[in-house]
Protein chains: 2
Amino acid sequence: MAVPERAPRERMVFSAAQLIRRDGVSSTGMRDVAAHARAPRGSLQHYFPGGKEQLVNEAVGWAGRYAGDRVARFLAALPEPTPGALFALMVRQWTDEYESHGFGGGCPVAAATVDRAGSADSTREAASAAFTGWTGAVAGALTGMGVPVERATPLATLMISSLEGAILIARAERSVRALTTVARELGPLLDAAASGPDSGRGTGE
Amino acid sequence: MAVPERAPRERMVFSAAQLIRRDGVSSTGMRDVAAHARAPRGSLQHYFPGGKEQLVNEAVGWAGRYAGDRVARFLAALPEPTPGALFALMVRQWTDEYESHGFGGGCPVAAATVDRAGSADSTREAASAAFTGWTGAVAGALTGMGVPVERATPLATLMISSLEGAILIARAERSVRALTTVARELGPLLDAAASGPDSGRGTGE
DNA sequence: CGGCTACTATGACAGCCGTCATAGACGTCA
DNA sequence: TGACGTCTATGACGGCTGTCATAGTAGCCG
């Protein structure tokens, strides 16, 4: 809500990401972005000569980097890191937002993918890079918890897929049910992968 | 691609769903829908006096019903139905499409949620109903496979969440990797829920 | 035949969009 | 002081959008 005191250019990228995740790419106008960032309209063509496409791509990139950084911060906040606990924190970020600020926004990367993947290829690539970076951050965290390297990326993909899908359902239903459900159902599976590499069945507690 | 020989009204709803899942709601114009359905433009205001919102809502409803019906058909196609096998078929539907027709389209319900959930409440409700119906169909199939009733809906939500998220990532990456990954990773968990109600760890093979 | 309903056809409208052209303000450096 | 680069300001343009108004056609019924 509050726009931090940063350089105008960065503010515009930030505002773009925020508006995109609420209204979608097509429904977000350049004029809206400038107004939301309290930046002059004329600066848009100055900072983003590539037009809307460039602005959207940078917003997507920003969101991807933000998601990756959050993973590192979640990791640092966990006294005894386990994959299930990390996933619970990732989900919690969304339930907290939805319960305190309403179901107004989704994931900007998802929004960009849904309505630009078929038309603007550079935006599709930006979204792909965002997912890749995010997945890499999660996979790195998993290996640090004892998950075998070859299982880290698949599990990270599963976590992000479930989270993105649950965000969608949560917004549609205006309920955090789907989010809490995927966290609860996936937690044991993730933790088992950290303790028992071969099958996750034997080592027990 | 080919528009079947149905009533013009139904053709328009069908075409709307197809265009929405490819370009998003905002980027899909009413004129495009009429052209794609080979229906006269003037019929739009005749069949859909509620305007674009009504058309979009019906397209979302159609997609939800379609997804639910597919579950029943998948179930009938399985000689020995297990939750993991059902999920594999649900995922396979998307990998098949992507590998044979390209990554042009996503899920219409997801598209509608992303760029109408915040503006048109009736569309958000239509999307919610679509997810609910779909989840109910999957949950019903799960209970028929021996999954305890209280676990059926959560697991169905997990399946649909993972699938939706994986579709998103697959489109962004132009690769079916995320789809095949969630199917492989989630399969054992789902099957365990069908055979071992209490924890899924002990009963073995 | 007239009358009615279902559907089609088309032009117009106001509004928003991204983009561009042009001009102005402001600081800095020579 | 004057010139220059950075940033701001604003009006205009063409194009597309959803919607409406109006008129037309086709077929059935009496």
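Everything numeric in this text was worked out from a predicted model, so none of it was measured. Within every chain, numbering begins at 1; the chains are lettered A, B, ... in the order of the sequence lines, protein sequences first and strands thereafter.
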Exercise. Please determine if A:Glu99 and A:Arg92 form a salt bridge, counting it only when a charged side-chain N lies under 4.0 Å from a carboxylate O.
Key: no
Quiz item: Would you call B:Glu185 and A:Arg151 a salt bridge, taking side-chain N to carboxylate O under 4.0 Å as the test?
Solution: yes
Would you mind reading off the distance between [X] atom [atom1] and [N] atom [atom2], rounded to a whole angstrom?
X	N	atom1	atom2	result
B:Lys52	D:dC16	NZ	P	15 Å
B:Phe48	D:dC20	CZ	P	15 Å
B:Arg31	C:dG11	CZ	C1'	11 Å
A:Ile20	C:dG18	CD1	P	11 Å
B:Leu44	D:dT19	CG	C1'	11 Å

Exercise. Describe the nucleic acid contact of A:Ser27 in one word from base, sugar-phosphate, nothing, applying a heavy-atom distance below 4.0 Å.
Key: nothing
Quiz item: Across the strands shown, which category fits A:Ser26 at heavy-atom distances under 4.0 angstrom: base, sugar-phosphate, nothing?
Solution: nothing
Practice problem: List the steps and the verdict of side-chain contact (heavy atoms from CB on, under 4.5 Å) for B:Phe48 and B:Met12. | Solution: CA-CA 10 Å; B:Phe48 308 95; B:Met12 286 189 271; 4.1 Å; yes
Exercise. Report the residue from B:Leu186, B:Leu179, B:Leu158 that forms a side chain to side chain contact (heavy atoms under 4.5 Å, CB included) with B:Leu163.
Key: B:Leu179
Quiz item: Which residues pass the ring pair (Phe, Tyr, Trp, His ring centres under 6.0 Å) test with A:Trp62, sequence neighbours left out?
Solution: A:Phe14, A:Tyr66
Would you tabulate the pairs of protein nitrogen or oxygen atoms and nucleotide nitrogen or oxygen atoms of nucleotides 7-10 of chain C closer than 3.5 angstrom?
unit_1 : atom_1 : unit_2  : atom_2 : d
C:dT8  : OP2    : B:Ser43 : OG     : 2.0
C:dT8  : O5'    : B:Ser43 : OG     : 3.4

Practice problem: Just grab all the ring pair (Phe, Tyr, Trp, His ring centres under 6.0 Å) pairs involving residues 102-149 of chain A, residues at least two apart or on different chains. | Solution: A:Tyr98-A:Phe103
